[in-house]
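We name chains A, B, ... by the order of the sequence lines, and we start the count at 1 in each one.
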Amino acid sequence: MSPRCILVLLCVAVAVYKPVFAVGTPAGTSIFNSATVNFELDGEPGTGSSTDQFSVAEIIDVAVIWQDAADLETASPDTNRVLTFLISNIGNGVETFSLQVNNRAPDTDDFDPDTARIFIDGNGNDLFDGAAADPEYLPGTNDPLLDANGQNQITVFVMNSVPSGQANGVIGGSQLLALSTTTGAAGSAPGTGFAGLGDGGVEAVAGATSADGNAVGRYLIALIASPVTLTKTASVIANDRGCDTPPCTPRPGATIRYTIEADVTAVPVAALVITDPVPANVTYVANSIRVDAVPQTDARDNDPGRFAADTVNVNLGEVTSAATYAITFDVTID
Amino acid sequence: MNNRNTANITRAALCALLPALMIATTADAANVKLTSVVEKEVVTTTADGVDVTEIVPAATVIPGEEVIYTTYYNNKSNQVADKIVITNPVPQNTRYKANSAIGADTEITYSVDRGNTFAAPEALMVTDKNGEQRVAWPSEYTHILWAYEPVLPPGKKGNVQFRVVLR
(Lines give C-alpha, C1' and ligand atoms only; values in the text may rest on other atoms or scores of the structure.)
Protein backbone atom coordinates (compact mmCIF):
# COMPACT_ATOMS: atom_id res chain seq x y z
CA MET A 1 0.00 0.00 0.00
CA SER A 2 1.57 3.26 -1.02
CA PRO A 3 1.65 6.06 1.50
CA ARG A 4 -0.92 8.77 1.12
CA CYS A 5 0.68 12.01 -0.01
CA ILE A 6 -0.77 15.46 -0.14
CA LEU A 7 1.27 17.34 -2.69
CA VAL A 8 1.08 20.90 -3.84
CA LEU A 9 3.00 21.58 -7.05
CA LEU A 10 4.52 24.74 -5.65
CA CYS A 11 6.14 23.03 -2.66
CA VAL A 12 9.55 24.57 -2.25
CA ALA A 13 12.49 24.51 0.07
CA VAL A 14 13.28 22.17 2.88
CA ALA A 15 11.13 19.74 4.81
CA VAL A 16 11.16 20.89 8.42
CA TYR A 17 11.04 18.48 11.32
CA LYS A 18 9.54 19.71 14.56
CA PRO A 19 12.63 20.75 16.52
CA VAL A 20 13.34 18.68 19.59
CA PHE A 21 15.84 19.18 22.36
CA ALA A 22 16.79 16.06 24.24
CA VAL A 23 19.19 13.20 24.45
CA GLY A 24 17.12 10.29 23.23
CA THR A 25 17.29 6.80 21.83
CA PRO A 26 20.82 6.27 20.51
CA ALA A 27 21.36 7.07 16.86
CA GLY A 28 21.30 4.02 14.60
CA THR A 29 18.91 2.00 16.80
CA SER A 30 16.45 -0.07 14.72
CA ILE A 31 12.87 0.11 15.95
CA PHE A 32 10.82 -2.91 14.84
CA ASN A 33 7.12 -3.49 15.19
CA SER A 34 5.03 -6.57 14.41
CA ALA A 35 1.27 -6.39 14.13
CA THR A 36 -0.66 -9.60 14.69
CA VAL A 37 -4.16 -10.60 13.60
CA ASN A 38 -6.28 -13.51 14.82
CA PHE A 39 -9.52 -14.49 13.17
CA GLU A 40 -11.76 -17.38 12.24
CA LEU A 41 -12.67 -18.46 8.75
CA ASP A 42 -15.74 -20.63 8.85
CA GLY A 43 -14.87 -21.65 12.39
CA GLU A 44 -11.24 -22.39 11.55
CA PRO A 45 -8.84 -20.22 13.56
CA GLY A 46 -6.20 -18.31 11.63
CA THR A 47 -3.49 -15.80 12.28
CA GLY A 48 -1.17 -13.48 10.44
CA SER A 49 1.42 -10.83 11.12
CA SER A 50 3.42 -8.14 9.44
CA THR A 51 6.49 -6.19 10.48
CA ASP A 52 7.84 -2.76 9.82
CA GLN A 53 11.01 -0.96 10.87
CA PHE A 54 12.61 2.41 11.04
CA SER A 55 16.01 3.60 12.23
CA VAL A 56 16.75 6.30 14.73
CA ALA A 57 18.48 9.26 13.11
CA GLU A 58 21.31 11.11 14.76
CA ILE A 59 20.31 14.44 16.17
CA ILE A 60 23.28 16.82 16.57
CA ASP A 61 23.07 19.22 19.49
CA VAL A 62 25.77 20.79 21.63
CA ALA A 63 25.81 23.11 24.63
CA VAL A 64 28.70 25.29 25.84
CA ILE A 65 28.47 26.68 29.36
CA TRP A 66 30.93 29.06 31.02
CA GLN A 67 31.94 27.55 34.37
CA ASP A 68 33.64 30.28 36.44
CA ALA A 69 31.50 31.31 39.41
CA ALA A 70 32.01 35.04 38.77
CA ASP A 71 33.77 37.41 36.39
CA LEU A 72 37.50 36.69 36.55
CA GLU A 73 39.32 39.64 38.15
CA THR A 74 42.44 40.73 36.32
CA ALA A 75 44.90 43.59 36.18
CA SER A 76 45.47 45.72 33.08
CA PRO A 77 47.61 44.65 31.35
CA ASP A 78 47.57 41.01 32.34
CA THR A 79 48.62 37.71 30.76
CA ASN A 80 47.70 34.01 30.82
CA ARG A 81 44.31 34.45 32.45
CA VAL A 82 42.21 31.28 32.09
CA LEU A 83 38.43 30.99 31.69
CA THR A 84 36.79 27.56 32.11
CA PHE A 85 34.00 26.17 29.91
CA LEU A 86 32.06 22.90 29.76
CA ILE A 87 31.06 21.43 26.38
CA SER A 88 28.24 18.84 26.33
CA ASN A 89 26.96 16.65 23.50
CA ILE A 90 23.22 16.82 24.09
CA GLY A 91 22.21 14.95 20.95
CA ASN A 92 21.89 11.18 20.68
CA GLY A 93 25.03 10.06 18.90
CA VAL A 94 28.80 10.33 18.70
CA GLU A 95 30.03 13.66 17.42
CA THR A 96 33.33 15.50 16.98
CA PHE A 97 33.43 19.22 17.60
CA SER A 98 35.89 21.86 16.45
CA LEU A 99 36.60 24.78 18.78
CA GLN A 100 37.14 28.50 18.17
CA VAL A 101 37.55 31.63 20.27
CA ASN A 102 36.04 34.94 19.27
CA ASN A 103 37.32 37.73 21.51
CA ARG A 104 35.41 40.40 19.62
CA ALA A 105 32.17 38.96 21.00
CA PRO A 106 30.12 40.32 22.58
CA ASP A 107 29.91 43.74 20.94
CA THR A 108 28.65 45.18 24.20
CA ASP A 109 31.74 44.58 26.34
CA ASP A 110 34.25 47.31 27.24
CA PHE A 111 37.41 45.70 25.84
CA ASP A 112 38.50 42.66 23.87
CA PRO A 113 40.89 40.15 25.44
CA ASP A 114 43.62 38.97 23.07
CA THR A 115 46.14 36.25 22.20
CA ALA A 116 43.58 33.50 22.84
CA ARG A 117 44.79 29.93 23.32
CA ILE A 118 42.62 26.89 24.01
CA PHE A 119 43.54 23.93 26.23
CA ILE A 120 41.60 20.69 26.72
CA ASP A 121 41.24 19.22 30.21
CA GLY A 122 43.51 16.19 29.94
CA ASN A 123 43.45 14.85 33.48
CA GLY A 124 39.72 15.26 34.06
CA ASN A 125 39.95 17.47 37.15
CA ASP A 126 38.23 20.51 35.56
CA LEU A 127 41.19 22.69 36.59
CA PHE A 128 43.87 24.16 34.35
CA ASP A 129 47.11 22.49 35.35
CA GLY A 130 49.31 23.73 32.52
CA ALA A 131 49.92 22.43 29.01
CA ALA A 132 51.60 19.21 30.13
CA ALA A 133 48.46 17.92 31.86
CA ASP A 134 45.92 19.85 29.76
CA PRO A 135 47.16 19.85 26.17
CA GLU A 136 46.82 22.85 23.93
CA TYR A 137 44.05 22.55 21.34
CA LEU A 138 45.12 22.38 17.69
CA PRO A 139 42.20 22.37 15.22
CA GLY A 140 41.95 19.15 13.29
CA THR A 141 44.33 17.25 15.56
CA ASN A 142 42.56 17.03 18.90
CA ASP A 143 38.98 18.11 18.22
CA PRO A 144 36.97 16.73 21.16
CA LEU A 145 34.93 13.59 20.39
CA LEU A 146 31.86 13.27 22.62
CA ASP A 147 29.40 10.37 22.83
CA ALA A 148 25.94 11.51 23.88
CA ASN A 149 25.31 8.05 25.31
CA GLY A 150 28.64 7.78 27.11
CA GLN A 151 31.42 10.28 27.76
CA ASN A 152 29.40 13.28 26.63
CA GLN A 153 31.18 16.22 28.28
CA ILE A 154 34.64 17.83 28.24
CA THR A 155 36.07 20.81 30.12
CA VAL A 156 37.94 23.33 27.96
CA PHE A 157 40.12 26.26 29.06
CA VAL A 158 40.53 29.55 27.18
CA MET A 159 43.65 31.55 28.06
CA ASN A 160 43.79 35.24 27.13
CA SER A 161 45.82 38.38 27.71
CA VAL A 162 44.18 41.55 28.97
CA PRO A 163 45.21 44.77 27.21
CA SER A 164 46.73 47.74 29.03
CA GLY A 165 44.97 50.98 29.80
CA GLN A 166 41.70 49.49 31.02
CA ALA A 167 39.96 51.25 33.87
CA ASN A 168 38.82 49.63 37.06
CA GLY A 169 35.47 47.86 36.79
CA VAL A 170 35.30 47.39 33.01
CA ILE A 171 34.42 44.04 31.43
CA GLY A 172 36.00 42.07 28.60
CA GLY A 173 34.22 39.02 27.16
CA SER A 174 35.77 35.99 25.46
CA GLN A 175 33.50 33.68 23.47
CA LEU A 176 34.20 29.95 23.04
CA LEU A 177 32.39 28.22 20.17
CA ALA A 178 31.98 24.48 19.58
CA LEU A 179 30.88 23.39 16.11
CA SER A 180 29.89 19.92 14.90
CA THR A 181 32.36 18.68 12.31
CA THR A 182 29.62 16.83 10.37
CA THR A 183 29.83 18.57 7.00
CA GLY A 184 27.30 21.35 6.72
CA ALA A 185 25.69 20.77 10.10
CA ALA A 186 27.06 23.61 12.22
CA GLY A 187 24.89 26.69 11.82
CA SER A 188 22.24 24.97 9.70
CA ALA A 189 18.56 25.50 10.45
CA PRO A 190 17.19 23.12 13.13
CA GLY A 191 15.72 20.09 11.40
CA THR A 192 18.05 20.18 8.39
CA GLY A 193 18.86 16.61 7.41
CA PHE A 194 22.16 15.23 6.16
CA ALA A 195 21.62 11.87 4.49
CA GLY A 196 24.08 9.21 5.53
CA LEU A 197 26.20 11.47 7.75
CA GLY A 198 24.94 10.15 11.09
CA ASP A 199 26.37 7.30 13.15
CA GLY A 200 26.38 4.05 11.19
CA GLY A 201 25.19 5.83 8.06
CA VAL A 202 21.77 6.91 9.30
CA GLU A 203 20.58 10.42 8.61
CA ALA A 204 22.04 13.19 10.75
CA VAL A 205 19.71 16.04 11.67
CA ALA A 206 20.69 19.43 13.09
CA GLY A 207 18.93 19.84 16.42
CA ALA A 208 17.56 22.94 18.10
CA THR A 209 21.09 24.22 18.74
CA SER A 210 21.89 24.21 14.99
CA ALA A 211 24.69 21.74 15.77
CA ASP A 212 26.81 24.45 17.36
CA GLY A 213 27.01 26.23 20.70
CA ASN A 214 28.86 29.06 22.33
CA ALA A 215 29.25 30.85 25.64
CA VAL A 216 30.97 34.01 26.79
CA GLY A 217 33.33 34.13 29.75
CA ARG A 218 34.10 37.49 31.32
CA TYR A 219 37.14 39.29 32.72
CA LEU A 220 36.66 42.16 35.18
CA ILE A 221 39.40 44.74 35.60
CA ALA A 222 40.14 45.00 39.33
CA LEU A 223 43.16 47.25 39.74
CA ILE A 224 44.83 47.46 43.09
CA ALA A 225 44.08 51.05 44.03
CA SER A 226 47.05 53.22 44.86
CA PRO A 227 46.87 54.16 48.54
CA VAL A 228 48.63 57.49 47.92
CA THR A 229 47.77 60.35 45.59
CA LEU A 230 50.40 62.98 44.88
CA THR A 231 49.62 66.52 43.76
CA LYS A 232 52.46 68.93 42.95
CA THR A 233 52.25 72.69 42.57
CA ALA A 234 54.83 75.43 42.17
CA SER A 235 54.80 79.04 43.12
CA VAL A 236 57.37 81.85 42.62
CA ILE A 237 57.69 83.25 46.12
CA ALA A 238 60.44 85.83 45.76
CA ASN A 239 62.68 87.53 43.25
CA ASP A 240 65.45 90.08 43.04
CA ARG A 241 62.97 92.83 42.22
CA GLY A 242 61.71 93.01 45.78
CA CYS A 243 58.71 90.72 45.39
CA ASP A 244 58.29 88.52 48.43
CA THR A 245 54.62 87.55 48.14
CA PRO A 246 53.57 85.17 45.38
CA PRO A 247 52.96 85.29 42.59
CA CYS A 248 56.27 86.94 41.75
CA THR A 249 57.61 87.32 38.25
CA PRO A 250 59.95 84.45 37.47
CA ARG A 251 63.39 85.87 36.64
CA PRO A 252 66.87 84.49 37.05
CA GLY A 253 67.48 84.35 40.77
CA ALA A 254 63.82 84.11 41.68
CA THR A 255 62.81 81.54 44.24
CA ILE A 256 60.28 78.81 43.38
CA ARG A 257 58.65 76.87 46.17
CA TYR A 258 57.39 73.40 45.15
CA THR A 259 54.61 71.89 47.21
CA ILE A 260 53.87 68.15 47.05
CA GLU A 261 50.66 67.06 48.71
CA ALA A 262 50.68 63.35 49.59
CA ASP A 263 47.15 62.15 50.32
CA VAL A 264 47.17 58.72 51.98
CA THR A 265 43.69 57.16 51.74
CA ALA A 266 44.16 53.41 52.16
CA VAL A 267 46.06 52.40 55.26
CA PRO A 268 48.26 50.90 56.44
CA VAL A 269 51.02 51.74 53.98
CA ALA A 270 54.18 49.94 54.98
CA ALA A 271 57.01 52.23 53.83
CA LEU A 272 55.98 55.45 52.15
CA VAL A 273 58.84 57.31 50.46
CA ILE A 274 58.29 60.35 48.25
CA THR A 275 61.06 61.42 45.90
CA ASP A 276 61.31 64.30 43.49
CA PRO A 277 64.35 65.01 41.29
CA VAL A 278 65.19 68.71 41.02
CA PRO A 279 64.38 69.87 37.47
CA ALA A 280 66.89 71.39 35.04
CA ASN A 281 67.70 75.08 35.04
CA VAL A 282 67.10 75.54 38.77
CA THR A 283 69.30 75.11 41.84
CA TYR A 284 68.11 73.52 45.05
CA VAL A 285 68.12 75.78 48.10
CA ALA A 286 69.99 73.88 50.77
CA ASN A 287 68.01 72.60 53.77
CA SER A 288 64.75 73.98 52.35
CA ILE A 289 62.75 70.76 52.67
CA ARG A 290 59.80 71.05 55.03
CA VAL A 291 57.29 68.37 55.96
CA ASP A 292 54.04 69.88 57.24
CA ALA A 293 56.01 73.12 57.77
CA VAL A 294 58.66 71.37 59.89
CA PRO A 295 62.13 72.15 58.50
CA GLN A 296 64.22 69.13 57.48
CA THR A 297 68.00 68.83 57.22
CA ASP A 298 69.50 67.73 53.95
CA ALA A 299 71.71 65.19 55.67
CA ARG A 300 70.63 61.58 56.22
CA ASP A 301 69.61 61.68 59.86
CA ASN A 302 66.59 61.06 62.05
CA ASP A 303 64.23 63.41 60.28
CA PRO A 304 62.25 62.24 57.25
CA GLY A 305 63.80 64.68 54.80
CA ARG A 306 67.06 64.21 52.91
CA PHE A 307 68.66 65.74 49.85
CA ALA A 308 71.16 63.70 47.81
CA ALA A 309 72.02 63.17 44.15
CA ASP A 310 69.94 66.17 43.16
CA THR A 311 66.80 64.51 44.52
CA VAL A 312 64.47 65.50 47.32
CA ASN A 313 63.68 62.40 49.40
CA VAL A 314 61.09 62.23 52.19
CA ASN A 315 60.67 58.94 54.06
CA LEU A 316 57.39 58.90 55.95
CA GLY A 317 57.83 55.29 57.07
CA GLU A 318 54.76 53.31 58.03
CA VAL A 319 51.51 55.28 57.73
CA THR A 320 48.76 53.78 59.85
CA SER A 321 46.00 56.34 59.64
CA ALA A 322 44.73 58.31 56.67
CA ALA A 323 46.42 61.69 56.42
CA THR A 324 47.61 64.38 54.04
CA TYR A 325 51.26 65.47 54.16
CA ALA A 326 52.50 68.78 52.71
CA ILE A 327 56.10 68.59 51.54
CA THR A 328 57.77 71.74 50.28
CA PHE A 329 61.22 72.64 49.02
CA ASP A 330 62.73 75.67 47.32
CA VAL A 331 64.88 76.22 44.26
CA THR A 332 66.26 79.31 42.57
CA ILE A 333 66.02 79.91 38.86
CA ASP A 334 69.50 79.75 37.27
CA MET B 1 -16.74 -15.25 21.41
CA ASN B 2 -19.55 -12.73 21.12
CA ASN B 3 -19.13 -10.89 24.43
CA ARG B 4 -16.45 -8.31 24.44
CA ASN B 5 -15.69 -8.37 28.13
CA THR B 6 -12.23 -8.27 29.58
CA ALA B 7 -11.97 -12.00 30.19
CA ASN B 8 -12.68 -12.85 26.57
CA ILE B 9 -10.35 -10.20 25.35
CA THR B 10 -7.68 -11.70 27.58
CA ARG B 11 -8.19 -15.02 25.79
CA ALA B 12 -7.94 -13.30 22.44
CA ALA B 13 -4.73 -11.67 23.56
CA LEU B 14 -3.30 -15.00 24.62
CA CYS B 15 -4.12 -16.32 21.17
CA ALA B 16 -2.31 -13.34 19.68
CA LEU B 17 0.77 -14.26 21.67
CA LEU B 18 0.89 -17.82 20.36
CA PRO B 19 1.14 -17.32 16.61
CA ALA B 20 3.53 -20.23 16.19
CA LEU B 21 0.92 -22.79 17.24
CA MET B 22 -1.80 -21.10 15.20
CA ILE B 23 0.19 -20.94 11.98
CA ALA B 24 0.31 -24.73 11.96
CA THR B 25 -3.47 -24.92 11.63
CA THR B 26 -3.79 -22.42 8.82
CA ALA B 27 -2.71 -24.06 5.61
CA ASP B 28 -4.04 -21.65 3.00
CA ALA B 29 -2.30 -18.41 2.08
CA ALA B 30 -5.65 -16.87 1.20
CA ASN B 31 -6.80 -15.54 4.54
CA VAL B 32 -6.89 -12.22 6.38
CA LYS B 33 -3.69 -10.56 5.32
CA LEU B 34 -1.93 -7.83 7.24
CA THR B 35 0.33 -5.08 6.02
CA SER B 36 2.05 -2.70 8.40
CA VAL B 37 3.52 0.66 7.53
CA VAL B 38 5.22 3.26 9.67
CA GLU B 39 4.99 6.86 8.52
CA LYS B 40 5.43 10.37 9.78
CA GLU B 41 4.10 13.83 9.06
CA VAL B 42 6.40 16.28 7.36
CA VAL B 43 5.54 19.96 7.05
CA THR B 44 6.77 21.82 4.00
CA THR B 45 6.36 25.52 3.35
CA THR B 46 5.28 26.61 -0.10
CA ALA B 47 6.67 29.61 -1.91
CA ASP B 48 3.64 31.53 -0.62
CA GLY B 49 4.54 30.73 2.98
CA VAL B 50 1.74 28.18 3.37
CA ASP B 51 2.46 25.11 5.52
CA VAL B 52 1.53 21.84 3.84
CA THR B 53 1.55 18.53 5.74
CA GLU B 54 2.58 15.36 3.94
CA ILE B 55 2.53 11.79 5.21
CA VAL B 56 5.72 10.04 4.18
CA PRO B 57 7.38 6.73 5.04
CA ALA B 58 9.41 6.95 8.23
CA ALA B 59 12.89 5.79 7.29
CA THR B 60 14.81 7.62 9.98
CA VAL B 61 13.24 9.36 12.93
CA ILE B 62 14.77 11.62 15.56
CA PRO B 63 14.02 11.39 19.27
CA GLY B 64 10.90 13.38 20.05
CA GLU B 65 9.35 12.89 16.63
CA GLU B 66 5.95 11.27 16.23
CA VAL B 67 5.42 8.25 13.97
CA ILE B 68 2.17 6.79 12.68
CA TYR B 69 1.66 3.02 12.58
CA THR B 70 -1.08 1.80 10.25
CA THR B 71 -2.06 -1.86 10.05
CA TYR B 72 -4.06 -2.70 6.93
CA TYR B 73 -6.15 -5.86 6.97
CA ASN B 74 -7.69 -7.51 3.94
CA ASN B 75 -9.81 -10.63 3.74
CA LYS B 76 -8.22 -12.28 0.74
CA SER B 77 -10.05 -15.54 1.23
CA ASN B 78 -13.42 -16.52 -0.24
CA GLN B 79 -14.97 -16.98 3.20
CA VAL B 80 -16.40 -14.63 5.76
CA ALA B 81 -13.89 -13.90 8.51
CA ASP B 82 -14.98 -13.10 12.00
CA LYS B 83 -13.69 -12.68 15.53
CA ILE B 84 -10.94 -10.55 14.09
CA VAL B 85 -8.51 -9.19 16.66
CA ILE B 86 -5.51 -7.11 15.75
CA THR B 87 -2.78 -6.34 18.26
CA ASN B 88 0.20 -4.05 18.08
CA PRO B 89 2.87 -3.65 20.74
CA VAL B 90 4.01 -0.14 21.56
CA PRO B 91 7.55 -0.49 20.19
CA GLN B 92 10.70 -0.31 22.31
CA ASN B 93 12.01 3.23 22.86
CA THR B 94 8.65 4.80 22.03
CA ARG B 95 5.67 5.88 24.06
CA TYR B 96 2.04 5.66 23.02
CA LYS B 97 0.44 8.97 22.13
CA ALA B 98 -2.78 9.33 24.12
CA ASN B 99 -6.04 8.93 22.20
CA SER B 100 -4.27 8.23 18.92
CA ALA B 101 -5.52 4.67 18.40
CA ILE B 102 -8.33 4.54 15.81
CA GLY B 103 -10.10 1.87 13.75
CA ALA B 104 -13.55 1.84 12.20
CA ASP B 105 -15.92 -0.67 13.79
CA THR B 106 -13.42 -1.71 16.44
CA GLU B 107 -13.41 -1.72 20.20
CA ILE B 108 -9.98 -0.64 21.39
CA THR B 109 -8.36 -1.76 24.63
CA TYR B 110 -4.86 -1.44 26.01
CA SER B 111 -2.37 -3.43 28.06
CA VAL B 112 0.12 -2.28 30.64
CA ASP B 113 1.40 -5.80 31.41
CA ARG B 114 3.08 -6.72 28.16
CA GLY B 115 -0.07 -8.03 26.51
CA ASN B 116 -1.22 -10.40 29.24
CA THR B 117 -4.41 -8.45 29.90
CA PHE B 118 -6.25 -5.71 28.08
CA ALA B 119 -8.80 -3.21 29.34
CA ALA B 120 -10.27 0.22 28.71
CA PRO B 121 -8.06 3.11 29.84
CA GLU B 122 -10.00 3.84 33.02
CA ALA B 123 -9.69 0.22 34.12
CA LEU B 124 -5.91 -0.08 33.63
CA MET B 125 -4.20 0.10 37.00
CA VAL B 126 -0.54 0.30 37.87
CA THR B 127 1.27 0.42 41.18
CA ASP B 128 3.35 3.56 41.61
CA LYS B 129 6.63 3.77 43.50
CA ASN B 130 4.82 4.54 46.75
CA GLY B 131 3.00 1.23 46.43
CA GLU B 132 -0.30 2.90 45.60
CA GLN B 133 -2.60 1.90 42.76
CA ARG B 134 -3.50 4.46 40.15
CA VAL B 135 -4.89 4.58 36.63
CA ALA B 136 -2.12 4.00 34.09
CA TRP B 137 -0.82 6.81 31.94
CA PRO B 138 -0.95 6.35 28.16
CA SER B 139 2.84 6.49 28.10
CA GLU B 140 2.82 3.26 30.16
CA TYR B 141 0.77 1.24 27.66
CA THR B 142 2.69 -1.74 26.26
CA HIS B 143 0.14 -3.08 23.70
CA ILE B 144 -3.01 -2.01 21.87
CA LEU B 145 -5.78 -4.34 20.77
CA TRP B 146 -8.50 -3.71 18.19
CA ALA B 147 -11.44 -6.08 18.28
CA TYR B 148 -13.22 -5.77 14.94
CA GLU B 149 -16.85 -6.13 15.78
CA PRO B 150 -18.63 -7.02 12.52
CA VAL B 151 -17.73 -9.93 10.27
CA LEU B 152 -15.40 -9.25 7.37
CA PRO B 153 -16.75 -10.52 4.05
CA PRO B 154 -14.37 -11.82 1.37
CA GLY B 155 -12.49 -9.02 -0.34
CA LYS B 156 -13.33 -6.47 2.35
CA LYS B 157 -10.52 -4.52 3.94
CA GLY B 158 -9.82 -1.80 6.42
CA ASN B 159 -7.12 -0.46 8.67
CA VAL B 160 -6.34 0.47 12.23
CA GLN B 161 -3.85 3.09 13.31
CA PHE B 162 -2.03 4.52 16.31
CA ARG B 163 0.77 7.01 16.98
CA VAL B 164 3.84 6.91 19.16
CA VAL B 165 6.58 9.37 20.03
CA LEU B 166 10.21 8.22 19.79
CA ARG B 167 11.97 8.61 23.11
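The structure places CG of B/Asn75 at 6.0 Å from CG of A/Leu41, a figure rounded to the nearest 0.5 Å. Rounding to the nearest 0.5 angstrom, the gap separating the OG1 atom in A/Thr36 from the CG atom in B/Leu34 is 7.5 Å.
Within 6.0 Å of the CZ atom in B/Arg167, the count of heavy atoms belonging to other residues, nucleotides or ligands exceeds 12. More than 12 heavy-atom neighbours from other residues, nucleotides or ligands sit within 6.0 angstrom of CZ on B/Arg134.
Of the atoms belonging to B/Ala59, it is backbone heavy atoms, and not side-chain ones, that fall under 4.5 Å from chain A. For B/Val61, the parts sitting under 4.5 Å from any heavy atom of chain A are the backbone and the side chain alike. For A/Thr25, the parts sitting under 4.5 Å from any heavy atom of chain B are the backbone and the side chain alike. Heavy atoms closer than 4.5 Å to chain A are found in the side chain of B/Val67, but not in its backbone.
In this structure, B/Val37 and A/Asp52 have side chains that are not in contact, with every pair of non-hydrogen atoms separated by 4.5 Å or more. By the 4.5 Å heavy-atom criterion applied to side chains, A/Val37 and B/Ile84 are counted as neighbours. Side-chain contact check for B/Ser36 versus A/Thr51: every heavy-atom pair is 4.5 Å or farther apart. Here the side chains of A/Phe39 and B/Val85 are not in contact, with every heavy-atom distance at 4.5 Å or above.
Residues of residues 27-35 of chain A lying within less than 4.5 angstrom of chain B, judged on heavy atoms, are A/Thr29, A/Ile31, A/Phe32, A/Asn33, A/Ser34, A/Ala35 in numerical order. Scanning residues 88-103 of chain B against chain A with a 4.5 Å heavy-atom cutoff picks out B/Asn88, B/Pro89, B/Pro91, B/Gln92, B/Asn93, B/Thr94, ordered by number.
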What do the steps show when you test A/Val56 against B/Ile62 for side-chain contact (heavy atoms from CB on, under 4.5 Å), and what is the final call?
CA-CA 6 Å; A/Val56 178; B/Ile62 56 175; over 6 Å; no
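Taking each heavy atom of B/Gln79 and A/Asp42 in turn, the nearest pair found is NE2-CB, 3.1 Å.
Counting only distance, with no hydrogens or angles, the side chain of B/Thr60 and the backbone of A/Val202 share no donor-acceptor pair below 3.5 Å.
Chosen from A/Ser50, A/Gly198, A/Gly48, the residue pairing most often with chain B at heavy-atom distances under 4.5 Å is A/Ser50.
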